[in-house]
Every structure is written in C-alpha cells, then in structure tokens.
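Below is one structure, written out as structure tokens; comments come after it.
The sequence lines fix the lettering, A, B, ..., with proteins before strands; numbering per chain opens at 1.
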Amino acid sequence: MQDNLEMREVYCNSLVEEAKTNDKIVVVEADLMNCIKTAPFKKAYPDRFFNVGIAEANMVGVSAGLATCGKIPFCSSFGTFASRRCFDQIFISVAYSRQNVKIVGTDPGICAEINGGTHMPFEDMGIMRTIPNMLCVEPTDAAMLKALMPQIIAYDGATYIRLQRKKAEKVFEEGEKFDLMKAKTVIPGKDATIIASGIMVSKAVEASKIFKGMGISVGVLNVFTWKPIDEAAIVSAAKSTGAIVVAENHNVKGGLYSAVAETVVNNFPVPMESVGVQDEFGEVGKMPYLAQKFHLTVDDIVEKTLKAIKRKKK
Amino acid sequence: MDKQKLEHLQSKALDIRKIAVEMIGRLGVGHIGGTLSIIDLLAVLYYDVAKVDPKNPKDPDRDRIVMSKGHAGPALYSVLADKGYFPMEEIKTLNQAGTNLPSHCDMNKTIGIDMTAGSLGQGLSCAVGMALAGKIDKKDYKVFCILGDGESQEGQVWEALMYAGNMRLDNLVIFIDNNKMQIDGMTDDINSIEPLDEKAKAFNLHTQRINGHDVEAIEQALQNAFDTKDKTSLIVLDTIKGYGVDWVSSKGAGCHSMSITEAQWREFCGKEDV
C-alpha cells in the first residue's frame, strides 16, 4: 500500500513548518523547484528562496556561502546531478569547509524510470559516503521522513538526503519514532537478517512474510542512515541471525552492501549476499521492468536469503 | 587620496610583500607570483576600506573577504599576521606539519579566513551566498571576492557571475587579479579570457578596469562600486605576476610556484642571518 502523501510533499511541508520557528532555513534550487515541489516554501518565505537556474555547482557553492553566515540551506536536484555533477563543490566548499548544507538527491536508482540512464543514480550514496563526516540518509516512507526532518534540520553538518519524490510504499505508521543515527528493526528474526534501504524495505518485508510461511524466521533491519552507519545494530544482527542479505536500489559496489560489509568484516564475519545493481548503468523503463532488469524484486531477495542461509549451514 | 594616506598604503603594501617573501622564503618554495600580484589590493582592503576587526574575527557584521584563488593564501596570511589576527611568529610555520597556515586558504585553520578555497572556481559562488545572506538579514556588510584570471577559465565562475549579475548584489565586489599568466604559460596563449571587462558588462555587472598596483586607483574604484546601487560590481585589476620583486616577476609564468634561496629573501626583506 502506498503512502497518502508524496515524499516531496512531506519534505516541503516539513520545511515550511520548521521555517516558521527557524529563520535560518533557506532553500536553494537549480531549476527543479517544480520537480521537488518547493513552491509553497517560496510562497511562504520569498526572501529565503533562491533559484540559480541550471547550475548545480553554483547552487552548492551559494549554499555553502549562505551557511557560513549561519543559514541552513536545503538544495536539491536529481540524485545524479546532486552528487556526481557537483561532487567537488560538495567536497570542498561544503564538507571540507565544515558547512551545514543539506543536499537532496531525488529519484534514487530505478525511481528515475523513464528519465533513463543519464538520470538514474546507482552511485550517489556511494560517492557521498566517501566524503569524511558526510551524513548520508535515505528516508523510507512518509512517516519516517516526517519524523526525520526536524532531526536533519537540527543536525549541524554536511548532509546528503536520498529522496524518492513520489509516493513511497508505506512501511511505518505515522507517529512512529526514529533516531537519525539508529537503524530501525522492522521485523525481528532468528535465521537471517535482510538489511534494506529505500524502496527495498517494503520488498524485504514481503520476503520476510514468505519465509514466515516456510517456517523460517527472517528479520528486516532498515538501515536508512548509511553514514554514520549503526554498527551496533548490524553487529547485533550478524551475531543473532548469522547471515545477512543487503537489499539496496543502488550499485552494490560502494553502496549499502559495501558499507555493511565493512562493519561485518571488522566485527563479526558471517555469510553475506547482495540484492542490488551489479555494477551496471541505468536505462529507461517503468519500475516493474527496471526491478526485473536489475534484480531488485522480492523473488531476488528470497533467492539471495536462501543462499545466505545455506552458506551459514556449511 | 591625501599624500599621507597614499604613502601609508604604499608602505603597508611593501611591508606585506616583505612578510610574504620571508614566509615563502623560509619554506624555500611556494606560490609567490600570484601572492605578490594581489598585495596592493589587500593593502587597500585591510588598511583602509574593509570593516574588519582582528579582535573580533567572527563578527557577524564584518565585511567578508573571499580569496577564491586560494593559492594566494600567503598574501592573506601576511596581512592577517601584520594586523594581529595571530602572532607574526606563525609565518615561520607555512606548510610545516601541523601548521595553521596551509598552502591554500582554510577557514577552519587560520583565524581571519572567511572561506576555504584552493579548488579553483568555487569561491565566487560562496561569496554570492554570503552577499545573499547579508540581504536576507538586512545587514550592511560587504563581500569582497578575489579571483585569478586563470581561475576564470573554470565554468563555475561564469555560473556565479551570471547569477551575481542577475541578483544585483550591490553588497558584493568581485576582483579579477589579471596577471595574465597561469601555470602552463600566458593565459592568452592557452585559453584567453579577454576581453574580461566586456564579458563582465555582458553579464550585467558594473565593470571597471584599473591598474591593480595603484592603491589610489583601487580605492577610487571601490568607492565607485559602493556608489553604484542595484548592481554587482566587478573590477579587473591589471597586474604583474610577481610584482614588486624583480627576481620573481622576471621569471614570467615560472613564478607561479618557484624556489627561493635564503640569500634572496633575506636581501629583499633586509633581514640578516643572525
């Protein structure tokens, strides 16, 4: 079942609401205001809204300058351009300079759909998490995004937010509590843990239900903050279930599989399998086609989980 | 400008050149050419025009100075040390392990630096952001941004110039240190950025072009910029790379980063080895 509200509506509503009491919040766009739908912010706070045109590097630099004067800028673009296109500006003017800028990269992975390979970020979180101290977060659904926005605003530091623009599959109930720095246990398990993020969380829940019918207890842990990653929750999952499957709408190289593996290998090695894009470029298509093409389906999660459990029994 | 002020600024420019030459000279190598070309502007800004206070370097109402050509860090460090932002002794630590004075400007290491720079092309966007923040907060501080001419080959500079022109930021003054050289040779031979003033005008900027070593002309141009409302100002400073030190400027483009002997810097600074 989908959320009632689009993710971008929740995003903008939160900014408008928080800006009522926080005059530091500003929005800087690069001609995609109508895609991220921040027009209500512009209407409510015209003097705190800027549109630099199709110039992502300038958007990030202007945001960094605003941040040096105490502002909390939120800037956005499609994930490809919000990450790759202005990587050095984010690295130097924002992160290395320790400026509190929030960068929103929309249409993660196959959510880019018919915009195709040029607009399909399978690497955005991977490259963002190579930047020291960068907070990298992928909110799962409307309830989580609404809960996290005040925490993201309160967090003083460079942040990349990977955001689906349209309606997400509903995973959490409105009012559910989240800690920006802690992974969320969606379903506890005993035999294996699926560590999932973004659009893969609802699929992991479906996979867990299938396993329940087979008498196998498979947990789902939603690691929505990829960096700093919740090591304690991952190590705990490794110890208690002995097998981990990572499900992500992202290239497994450098993505969540890599981030989880870094933790697991260092602390408590267990068999791991990956459901994610296996080092390929994107292409045009609708979500169901793309999920099949890049092996991001519930069946893929089930298959890889069985494989992980089998390896465990060796 | 009265004679006393003129002589004071000229003498300050010479003092700063000596500090910069000593700083880089003690290390033995550094970005001396582009450091020397911008010092006359810094003398006018820091000793006459800019509202800055070494005792309150983070004052939210201060004027901001963004050295986008971050490799001219030693020029800024020389002024900041002379103004008392940090002890003069620190100039001996340039680029030494653990120093507060790295090759390129770092706002988190050096007291008095308003923006980190060094990856060329980024500083003007940041300066635009600072100017916008001043407008939001209805503060009357000014933002000064110093670009290199070679740096202006970076595409982001033109993104920022276009936006600065359209936003009519009369609290922002952009300088281009037009010393006409870059690492690989003469800017005109590599990828000319001229005519700079005509390009800036086409970007809707209030544009002036002056001798960047004439402190009187610099001050007058700044006054003209302040008197121009509803337009962002750009001042092309025609300069000489390595200006003021013959054995530097005579190297041409080779003075971007060059070795300096102890005898050379001691002679220029009038400091004997003791």
Query - Residues B:Asp114, B:Arg62: salt bridge by 4.0 Å N-O rule - result: yes
Looking only at A:Gly65, A:Ser63, A:Ala64, A:Cys86, most heavy-atom pairs under 4.5 Å shared with chain B are made by A:Gly65
Exercise. Check the side chains of A:Asp124 and A:Ser83 for a donor-acceptor pair under 3.5 angstrom, ignoring hydrogens and angles.
Key: no
For the pair B:Lys229 and B:Asp170, find out whether any cationic side-chain nitrogen is under 4.0 Å from an anionic carboxylate oxygen.
no
| request: Could you tell me whether B:Asp137 and A:Lys71 have a side-chain N and a carboxylate O separated by less than 4.0 Å? | output: yes
* Asked: So A:His119 and A:Phe81, ring pair (Phe, Tyr, Trp, His ring centres under 6.0 Å) or not? Walk me through it.
  -> CA-CA 8 Å; A:His119 288 56; A:Phe81 314 131; 5.0 Å; yes
When the 4.5 angstrom heavy-atom criterion is applied to B:Met115 and chain A, the contacting part is side chain
Looking only at B:Val128, B:Asp106, B:Leu124, B:Val66, the option with the highest number of non-hydrogen pairs under 4.5 Å against chain A is B:Asp106
Honestly, the part of A:Val26 sitting under 4.5 Å from a heavy atom of chain B is side chain
So, the part of A:Tyr96 with a heavy atom under 4.5 Å from chain B: the answer is both
Honestly, the part of B:Met167 sitting under 4.5 Å from a heavy atom of chain A is side chain
Most heavy-atom pairs under 4.5 Å with chain B, out of A:Leu66, A:Val60, A:Asp47, belong to A:Leu66
Practice prompt. Report the relative orientation of the aromatic rings in A:Phe49 and A:Phe41; use parallel for angles under 30°, tilted for 30 to 60°, perpendicular for over 60°.
Written response: tilted
Under 4.5 Å to a heavy atom of chain A? For B:Ala160 that would be both
